[in-house]
Each structure stands twice: as C-alpha cells, then as structure tokens.
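These notes concern the structure reproduced below.
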Amino acid sequence: ESQLNPNYSFDNFLEGDSNRLARSAGLAVAKKPGGTSFNPLLVFGGVGLGKTHLAHAIGVEIKDKYPEKTVLYISAEKFTQQYIESVKKNTRNDFIHFYQLIDVLIIDDVQFFSGKSGTQDVFFHIFNHLHQNGKQVILTSDKAPVDMQDIEQRLLSRFKWGLSAELQSPDYETRISILKNKLYRDGVEMPEEIIDYVAKNIKSNVRELEGAVISLIAQSSFNKKEVTLDLAQQIVEKFVKNTKREVSIDYIQKIVSDYFQMDVATLQSKTRKRHIVQARQLAMFFAKKYTKASLASIGSQIGKRDHATVLHACKTVDNLAETDKQFKKYIEDISKKLTL
Ligand code: ADP
Ligand code: MG
C-alpha cells in the first residue's frame with residue numbers, strides 16, 4: 001500500500017511564482033525517479049503552503065508512469081512510531097529491510113525527527129542504502145536544512161545533497177487561481193468581487209484560503225444565504241482572527257499553569273518540585289514550538305532562565321513524550337488548548 005492520496009495531483013496543484021521551482025523539481029523527479037540530481041528532493045515551507053499536497057502529487061505521478069515501482073508515502077511521525085514499535089518487538093532489522101526495498105520513499109514533515117536520535121540513526125542507514133542504489137527519496141520539512149534544529153550533522157548533510165526547494169506564500173494571482181479552481185471543481189459560481197475580496201485578505205496560507213471558500217460555499221448552498229460582500233467579510237474576519245492569533249509566551253504560561261492548576265508565579269518559581277519543573281519545561285517547549293522567540297528570550301520570559309535551560313527543557317519534553325504515556329497526553333491536551 002503506497003498510502004498515496006490520488007486527490008493530491010499535479011493537475012490541481014496550481015502553479016505560481018511562489019511554488020514554481022518546487023513544482024518543476026517535483027515533476028522532474030516524477031519523470032525520472034532516482035535519475036536526477038534532485039535526490040533527495042526536499043520541499044520546505046510554512047504550514048498550509050502545499051508540502052503534503054506536492055509530496056503526494058509526485059508519488060501519484062510516479063505510480064502512474066511506473067506502476068511496477070514501489071512508492072511509499074509516510075509521515076515522519078508515523079515512521080517514528082513504527083520504528084519505536086519495531087525496537088520494542090525486536091524487529092528493528094525487518095523494519096530497516098522493509099524500507100530498503102522501496103523504490104521511492106516520501107517522508108513528510110521530517111522536522112519531526114528533531115531530537116529523536118534513534119529514529120535519525122535508522123533513517124540515516126535507510127537513506128544511504130536507497131541513495132546508493134539509485135532509489136529516490138523525497139522529503140518535506142517546515143524549515144530549510146540550515147535552520148533545522150536537533151538533527152544530526154551527518155543527516156543534515158545528506159538532506160543538502162540533492163535539491164532543497166521552498167514553497168512560499170502564494171501571490172495574489174496564484175491565490176485567485178487557487179480559489180477559482182476550488183469553486184470550479186465544486187461546481188459553484190461566485191461573484192468576481194467576492195473572490196477578489198477573499199484573495200486580497202487571506203494571504204499567508206493556502207489552507208486558510210481553502211477554508212474560507214469552503215465556508216462561503218457551505219453558507220450559500222446549505223444555509224441558502226446569498227453570497228454578499230458582507231458575508232464574505234464576516235467569514236474572512238473569522239478566518240483571519242482564528243488563525244492569525246499570535247500565541248504569546250505569556251499566553252502559553254497561562255494555559256500551562258491553568259492546566260496544572262497552579263498560577264504563573266509558581267510555574268516561574270525556583271522550586272525543584274517535580275510537577276512544577278515539568279510544567280515549566282512544558283511551557284518552554286511550547287514557547288519554542290509556537291513562537292519565533294529565541295531560546296534566550298524564552299528563558300528570560302519564563303522565570304529568568306538561560307538558553308541552555310530552555311534547550312534542556314525541550315529535550316526532556318521530547319524524551320518524555322516518547323517514553324511516558326501520561327506525559328504525552330499532557331502535551332496533546334495543552335497543544336489542543338493552544339491551537340484552538
Ligand atoms: P502543508 O503540508 O504545507 O501544511 P498542504 O499540502 O496540506 O500544506 O496544503 C494545504 C491545502 O492547500 C491543501 O488542501 C492543498 O490541496 C492546498 N494547496 C496548497 N498549495 C496548493 C496549490 N498550489 N494549488 C492548489 N491547492 C493547493
Ligand atoms: Mg503537511
């Protein structure tokens with residue numbers, strides 16, 4: 001089972017300045033998997049800009065051209081879970097062997113490997129084997145290799161062997177064509193001024209753009225509301241508000257303290273009580289994950305710690321997430337509250 005989603009094709013991955021290089025590189029790889037210098041092909045960019053879509057499209061196209069080739073799409077998270085499972089069950093070698101037999105391996109969101117040395121190690125060996133045998137590797141990530149943290153140097157250097165291509169936020173023209181394509185595929189007509197309004201006001205992310213147009217379609221077809229500029233404004237406002245709300249470090253500390261029923265001062269205090277230390281470490285972890293603040297700045301805002309303490313906190317949380325079910329649940333619960 002290739003795990004490919006046939007709905008994510010090149011046909012409906014609309015081209016624009018923001019994605020031209022990545023898209024063409026993807027097409028080149030699909031024509032000659034393993035036979036170009038784009039190996040690995042690493043597609044990187046922010047959330048909702050089409051990494052997963054493009055990754056599937058490449059796989060779908062290869063499967064179409066070369067039905068005999070084995071193509072596998074997997075998220076880095078699932079790959080990691082499978083690996084951990086295999087270690088538990090003593091089937092690590094089978095795991096490696098399985099992956100070494102694949103012709104085209106697509107791993108989505110490799111930033112997930114960060115800090116996970118066991119998974120990185122096993123992937124390093126699989127990667128080398130595939131690459132040496134002329135097999136194609138396609139990776140996506142939310143960051144360029146130079147900006148990836150807690151990924152081993154030897155793996156980073158492999159990531160840079162091929163081509164790293166960025167997906168950027170779509171420009172106005174591309175936003176218009178994405179909206180029109182979506183409406184066309186759903187067989188819905190919408191006034192030009194509405195399309196224009198949405199395209200002008202949702203700029204940073206294709207997923208938001210699609211979300212807004214889906215809401216508009218739903219309002220008009222299910223609630224039988226006329227799609228007026230007024231309605232479009234309301235919907236766009238909701239989307240922009242919901243998704244653009246900056247998660248601040250203060251907000252993270254508030255949510256984490258509330259979750260553990262303590263106050264922020266306690267979370268920041270110098271105490272070494274285990275549950276308080278853990279709450280503090282989680283706050284640091286989420287600050288690193290959801291804000292652009294530097295480690296030093298996170299530390300100074302969460303009880304005047306230094307950057308090494310923050311780094312240590314993030315590693316501790318990563319490790320506990322892998323080994324401690326209860327702790328993993330904390331992370332999931334708090335994540336949900338933060339991204340609501
Ligand atoms: P990412 O993996 O980067 O977070 P996705 O691949 O999930 O983003 O894309 C988010 C949504 O936007 C998907 O529904 C995808 O089909 C759509 N999308 C992204 N880029 C394009 C594009 N160039 N043309 C059409 N749809 C796109
Ligand atoms: Mg994705």
Side-chain angles (χ1 to χ4, degrees), residues 2-30 40-61 72-81 105-114 137-145 147-148 164-188 190 195 198-199 201-218 235-236 239-240 242-244 289-290 335 339:
S2 69
Q3 308 293 332
L4 290 166
N5 179 348
N7 295 324
Y8 284 153
S9 65
F10 272 106
D11 278 348
N12 60 29
F13 190 79
L14 298 179
E15 182 174 348
D17 287 344
S18 55
N19 62 35
R20 189 162 288 117
L21 173 67
R23 193 178 186 280
S24 333
L27 272 171
V29 162
L41 173 64
L42 186 142
V43 175
F44 69 95
V47 63
L49 294 180
K51 300 181 295 294
T52 298
H53 185 142
L54 184 57
H56 278 280
I58 299 169
V60 168
E61 186 77 12
L72 181 73
Y73 167 91
I74 188 162
S75 68
E77 182 169 7
K78 210 161 162 208
F79 179 92
T80 304
Q81 283 166 2
L105 177 60
I106 306 170
I107 303 198
D108 203 359
D109 288 322
V110 293
Q111 74 276 1
F112 189 83
F113 287 162
S114 114
V137 178
I138 298 150
L139 308 168
T140 79
S141 165
D142 68 350
K143 288 184 202 67
D147 296 324
M148 289 184 195
S164 301
E166 181 172 12
L167 289 177
Q168 294 169 328
S169 297
D171 51 50
Y172 173 77
E173 304 298 325
T174 315
R175 299 202 294 276
I176 292 276
S177 17
I178 290 173
L179 287 172
K180 287 195 169 160
N181 183 256
K182 177 85 192 142
L183 290 165
Y184 173 77
R185 280 190 291 142
D186 285 29
V188 177
M190 207 160 282
I195 300 175
V198 175
N201 287 282
I202 301 188
K203 297 179 186 162
S204 56
N205 174 323
V206 183
R207 190 172 295 144
E208 289 174 18
L209 206 57
E210 282 194 334
V213 80
I214 290 167
S215 290
L216 278 169
I217 295 172
I235 286 177
V236 165
F239 263 85
V240 174
N242 281 342
T243 47
K244 289 264 168 64
K289 186 165 175 193
Y290 289 125
S335 278
T339 52

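Both ligands and their constituent atoms are indexed starting at 1 by order of listing.
Between the side chains of Ser18 and Asp171, not a single donor N or O lies within less than 3.5 Å of an accepting N or O. A donor-acceptor contact under 3.5 angstrom links the side chains of His53 and Asn12, judged on distance only.
Across Ile138, Val60, Ile107, Thr52, a single residue satisfies side chain to side chain contact (heavy atoms under 4.5 Å, CB included) together with Tyr73, and that is Thr52. Residue Asp186 forms a side chain to side chain contact (heavy atoms under 4.5 Å, CB included) with just one option from Ile217, Ile214, Val213, and that option is Ile217.
Within 4.0 Å of ligand 1, protein heavy atoms belong to Tyr8, Asn12, Phe13, Leu14, Asn19, Gly46, Val47, Gly48, Leu49, Gly50, Lys51, Thr52, His53, Ile178, Val206, Arg207, Glu210, listed by chain and number.
Interatomic distance, Leu42 CG to Leu139 CG, rounded to the nearest 0.5 Å: 5.0 Å. With rounding to the nearest 0.5 Å, the separation of CD1 in Ile74 from CD in Gln81 is 8.5 Å.
Among residues two or more places apart in sequence or in another chain, the side-chain contact (heavy atoms from CB on, under 4.5 Å) test is passed with Lys143 by Ser141, Asp147, Met148. In this view, Val47 and Asn205, Arg207 satisfy the side-chain contact (heavy atoms from CB on, under 4.5 Å) rule, not counting sequence neighbours.
Ring pair Phe112/Phe79: centre-to-centre distance not below 6.0 Å.
The distance cut-off of 2.8 Å around the Mg ion (ligand 2) captures these protein N, O or S atoms, sorted by chain and number: Thr52 OG1.
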